[in-house]
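Per chain, numbering begins at 1; letters A, B, ... match sequence-line order. Note that the structure is predicted; figures quoted are calculated from it, not measured.
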Amino acid sequence: MALTETAALEAGRDFIRDIVAADLAAGRHRSVVTRFPPEPNGYLHIGHAKSICLNFGIAEEFGGRCHLRFDDTNPTKEEQEYIDAIERDVRWLGFDWGGHLYHASDYFEQLYQWAEYLIREGKAYVDDQSPHDMRATRGTLTEPGTDSPYRERSVDENLDLFRRMRAGEFPNGARVLRAKIDMASGNINLRDPTLYRILHAKHPRTGTTWSIYPSYDFAHGQSDAIEQITHSICTLEFEDHRPLYDWFIANLPVPSQPHQYEFARLNLTYTVLSKRVLTGLVREGHVSGWDDPRMPTLAGLRRRGVPAAAIREFVKRIGVAKANSVVDFAMFEHAVREVLNRTSPRRMAVLRPLRVIIENYPEDKTETLEAANHPDDPGAGTRQVRFGREIFIERDDFMENPPKKFFRLAPGREVRLRYAYFITCREVVKDESGDVVELRCTYDPATRGGNAPDGRKVQATIHWVSASGSVPAEVRLYNHLFTRPEPNAADFAADLNPQSMEVLTDSRLEAALASDNIDAAVQFERQGYFYRDPDSTPGRLVFNRTVGLRDTWAKVANVA
RNA sequence: UGGGGAAUAGUUCAACGGUAGAACAGCGGACUCUGACUCCGUUAAUCUAGGUUCGAAUCCUAGUUCCCCAGCCA
């Protein structure tokens, strides 16, 4: 099938898409088939999203298909929970494998038959060496290995032993099946790699049917071949497995000839994308779970309020190449803001409230004012917000002794309450310790809705909620999980940011937020994008900050 | 002293022998009922040394630096 020009333009170009396009143009394949092959031993993270978008994206753009295949060859590490989570997350990201859901374990019998085939061809043997001895005879990076004393067993003996391995006659670790390639190869993967190991373990799908399991190398390429995968795309660390991948394809009667291509995995500043580390964070309780909003997992990002579209947009922007790289986290935040700015309804919320009494506003009066749901999109409609004599503003929006560049409320100064009135600060009320606890202000009734008939200007517009028109809430602010741009994965606990989560317990939200039933992030005006957390109860809303708005004032304030 | 890869603005990615370009970040400005958004401007790069060529980021040679590989993990 041909690639449409618009799809090509939108997709952008990278060396892998170039290869696919060239293969199609040269007629090497009639259509492209890719696959995303996760091992179900953890949750998917944003690094996987890069691979998912690449594999499913290429299939989409070139009119082919992409399979979801679980690489479930190690039952000691894999769990059903992960299988379920991975399917959910790929779907959430926006991709569809149609009927093409597969498992390496679907091919266990075929793989086994191919292993016997290699034995009969004299290209595989059962090795009785212990793991320790195998390591010792493998050689080093600079010295060749030495042949196993079991390397020249007869085909019959190998077959017998291998069948007995399958039958479960031997304990874990007693023997392995190895390919007979070259113990002196400069590529260590070719020094008689292990094809099967004995593992008396229950597999999530095959149960106790098997007591031997194929290695990644023996399973992956052949699974690709069975599924007629044309382009098997993986990360750089598999580059020197490619000769082995090709060796199996060349030496086995497989139904197709897939090729492997490698790209650089994603790294992000202030983030660790390693299953080992992510699993450690969860198991050691540094986070509340795989879906903790500080986690770079898709589940965590989703709970934080990051839309799938933002992740796709981010992946599109970072490109695909073969050079190791670390992407600035700001690039990710930019993609999130870009999508959310376009799509999020606006609301007002006061995170750290400061009480304001409007002295000239009648005690018993309240009124409703109209506020736009999205200032740049009239089609988004409006909502009513309640105003009254007692309101709350953000503590940060008042300074008793403002520096030159501070435009917001200060004693004697007039500002606009968004969509409401101009107010002027008349008096600052403090407690015994000198902390500001309340402001006494006056409002100008003529400025209703936020415009002064006399055309006078104010320097700032601030957000607010009224005491009677708001509900209390908990708001969770997140910062980087790690303190350093490039955390030490080997000792990740040392680089954890103790301030990665700040919980505000007495925020107040515009009442509409209590009844909104929006399953997406909302912009709290002037602050950022926030998403309702499942910890919310009917009586107490909990919101997560997805990402803050750009804050140039913070920069100015920091410099001063 | 083995094998496999990679080197372009601060960061990520383009440029496929013919004017080194974009995005993010930074800086300056305009606009603004969000110090947001948007818009405008601006700083800033070909790892080094040779060679081929009218012309090299691109081809060749030598070197430098960085990454991956010695699981019965993937």
What interatomic distance, in whole Å, is found between [atom1] of [M] and the corresponding atom of [N]?
| N | M | atom1 | value |
| --- | --- | --- | --- |
| U58(B) | G18(B) | P | 12 Å |
| A6(B) | C40(B) | P | 37 Å |
| C67(B) | G26(B) | C1' | 29 Å |
| U43(B) | U52(B) | C1' | 36 Å |
| A14(B) | U46(B) | C1' | 13 Å |
| G2(B) | C59(B) | C1' | 28 Å |
| C66(B) | G50(B) | C1' | 23 Å |
| C72(B) | C16(B) | P | 44 Å |

Notebook entry, point to check: Out of Ile212(A), Asn74(A), Asn172(A), which residue meets the side chain to side chain contact (heavy atoms under 4.5 Å, CB included) rule with Arg197(A)?
Noted result: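 So the option named by the test is Asn74(A).
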Please classify G21(B) as syn or anti, treating any glycosidic angle within 90° of 0 as syn.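 G21(B): anti.
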Exercise. Would you kindly compare Asp376(A) and Leu236(A) by the position of their nearest RNA chain B nucleotide and give the one closer to the 5′ end?
Key: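 With Asp376(A) and Leu236(A) compared, the 5'-side residue is Leu236(A).
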Distance in angstrom units between [X] [atom1] and [N] [atom2], rounded:
| X | N | atom1 | atom2 | result |
| --- | --- | --- | --- | --- |
| Arg242(A) | C69(B) | CZ | P | 17 Å |
| Ile188(A) | G5(B) | CD1 | P | 15 Å |
| Arg342(A) | U38(B) | CZ | P | 11 Å |
| Asp133(A) | A70(B) | CG | P | 18 Å |
| Asn558(A) | G35(B) | CG | C1' | 14 Å |
| Arg408(A) | U32(B) | CZ | P | 19 Å |
| Gln527(A) | C37(B) | CD | P | 15 Å |
| Tyr261(A) | G5(B) | OH | C1' | 17 Å |

Short heteroatom pairs, N/O only, protein and nucleotides 71-74 of chain B, under 3.5 Å:
residue : atom : partner   : partner atom : Å
G71(B)  : OP2  : Arg138(A) : NH2          : 2.8
C72(B)  : OP1  : Arg138(A) : NH2          : 3.3
C72(B)  : OP2  : Arg138(A) : NH1          : 3.4
C72(B)  : N3   : Gly173(A) : O            : 3.3
C72(B)  : N4   : Gln129(A) : O            : 3.2
C72(B)  : N4   : Pro131(A) : N            : 3.4
C72(B)  : N4   : Gly173(A) : O            : 2.8
C73(B)  : OP2  : Arg197(A) : NE           : 2.9
C73(B)  : OP2  : Arg197(A) : NH2          : 2.8
C73(B)  : O3'  : Arg197(A) : NH2          : 3.2
C73(B)  : O2'  : Asn74(A)  : ND2          : 3.2
A74(B)  : OP1  : Thr73(A)  : OG1          : 2.6
A74(B)  : OP1  : Arg197(A) : NH1          : 3.3
A74(B)  : OP1  : Arg197(A) : NH2          : 2.9
A74(B)  : OP2  : Tyr216(A) : N            : 2.9
A74(B)  : N6   : His241(A) : NE2          : 3.1

Base, sugar-phosphate, or nothing for [X], non-hydrogen atoms under 4.0 angstrom?
| X | value |
| --- | --- |
| Phe524(A) | nothing |
| Gln523(A) | base |
| Pro375(A) | base |
| Glu525(A) | base |

Are Thr368(A) and Val385(A) close enough that some pair of their side-chain heavy atoms sits under 4.5 Å apart?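 Counting from C-beta outward, Thr368(A) and Val385(A) never come under 4.5 Å.
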Nearest-nucleotide pick for Asp551(A), side chain only, options being G35(B), G3(B), G2(B) =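 Per side-chain heavy atoms of Asp551(A), the pick is G35(B).
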Please report the shortest heavy-atom distance between [X] and [Y], naming the atom on each side.
| X | Y | result |
| --- | --- | --- |
| Leu177(A) | Ala115(A) | CD2-CB, 3.7 Å |
| Phe422(A) | Arg416(A) | CE1-NE, 3.5 Å |
| Ala179(A) | Tyr125(A) | O-CE2, 3.8 Å |

**Prompt:** Going by atom types alone, do Tyr529(A) and Gln523(A) pair a side-chain donor with an acceptor below 3.5 Å?
**Reply:**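 Gln523(A) and Tyr529(A) do have a side-chain donor-acceptor pair below 3.5 Å.
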Could I get a table of every N or O pair under 3.5 Å where one atom is in the protein and the other is in nucleotides 42-46 of chain B?
none

Worksheet item: Looking only at side-chain N and O atoms, does Arg191(A) come under 4.0 Å of OP1 or OP2 in A70(B)?
Response: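 Negative; the distance criterion is not met.
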Stem ranges for RNA chain B, with three or more consecutive Watson-Crick or G-U pairs under 3.5 Å?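 Stems (3+ consecutive pairs) listed as B:2-7 with B:64-69, B:10-13 with B:21-24, B:26-30 with B:38-42, B:47-51 with B:59-63.
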Assign the ring pair Phe314(A) / Phe332(A) to parallel, tilted or perpendicular, where the plane angle (0 to 90°) is split at 30° and 60°.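 Perpendicular: the ring planes of Phe314(A) and Phe332(A) meet at over 60°.
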Q: Please round to the nearest 0.5 Å and tell me the distance separating atom OH of Tyr82(A) and atom CG of Asp89(A).
A: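 Nearest 0.5 Å value for the OH-CG distance: 13.0 Å.
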(Q) Cation-pi check for Tyr112(A) against Arg166(A): NZ or CZ below 6.0 Å from the six-membered ring centre and within 45 degrees of the axis, yes or no? (A)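 The answer is yes, since Arg166(A) meets both limits relative to Tyr112(A).
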Arg35(A) and Ile233(A): CA distance, side-chain angles, deciding distance, side chain to side chain contact (heavy atoms under 4.5 Å, CB included) verdict:
CA-CA 8 Å; Arg35(A) 102 270 91 112; Ile233(A) 302 165; 4.1 Å; yes
| message | According to side-chain hydrogen bond (donor to acceptor under 3.5 Å, both in side chains), who are the partners of Asp246(A), at least two apart in sequence or on a separate chain? | response |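 Result, side-chain hydrogen bond (donor to acceptor under 3.5 Å, both in side chains) vs Asp246(A): none returned.
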Check: Partners of Arg413(A) by side-chain hydrogen bond (donor to acceptor under 3.5 Å, both in side chains), sequence neighbours excluded?
Finding: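 Arg413(A): no side-chain hydrogen bond (donor to acceptor under 3.5 Å, both in side chains) contacts found.
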Scan Tyr107(A), Phe108(A), Tyr196(A) and name whichever one has a ring pair (Phe, Tyr, Trp, His ring centres under 6.0 Å) with Tyr213(A).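 Option passing the ring pair (Phe, Tyr, Trp, His ring centres under 6.0 Å) with Tyr213(A): Phe108(A).
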For nucleotides 12-25 of chain B, 5' to 3', base contacts (B), sugar-phosphate-only contacts (S) and non-contacts (-) with protein non-hydrogen atoms under 4.0 Å give SSS-B------SSS
Item to complete: I would like to know whether Trp464(A) and Phe387(A) meet ring-ring contact (aromatic ring centres under 6.0 Å, His included); could you show each step before the answer?
Response: CA-CA 9 Å; Trp464(A) 57 278; Phe387(A) 188 76; 5.3 Å; yes
| query | Are Asp182(A) and Arg191(A) ion-paired here, with the side-chain N under 4.0 Å from a carboxylate O? | reply |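 Salt bridge flag = no for Arg191(A) with Asp182(A).
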Is the shortest distance from a Lys or Arg side-chain nitrogen in Arg383(A) or Glu370(A) to a carboxylate oxygen in the other one below 4.0 Å?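 No salt bridge links Arg383(A) with Glu370(A).
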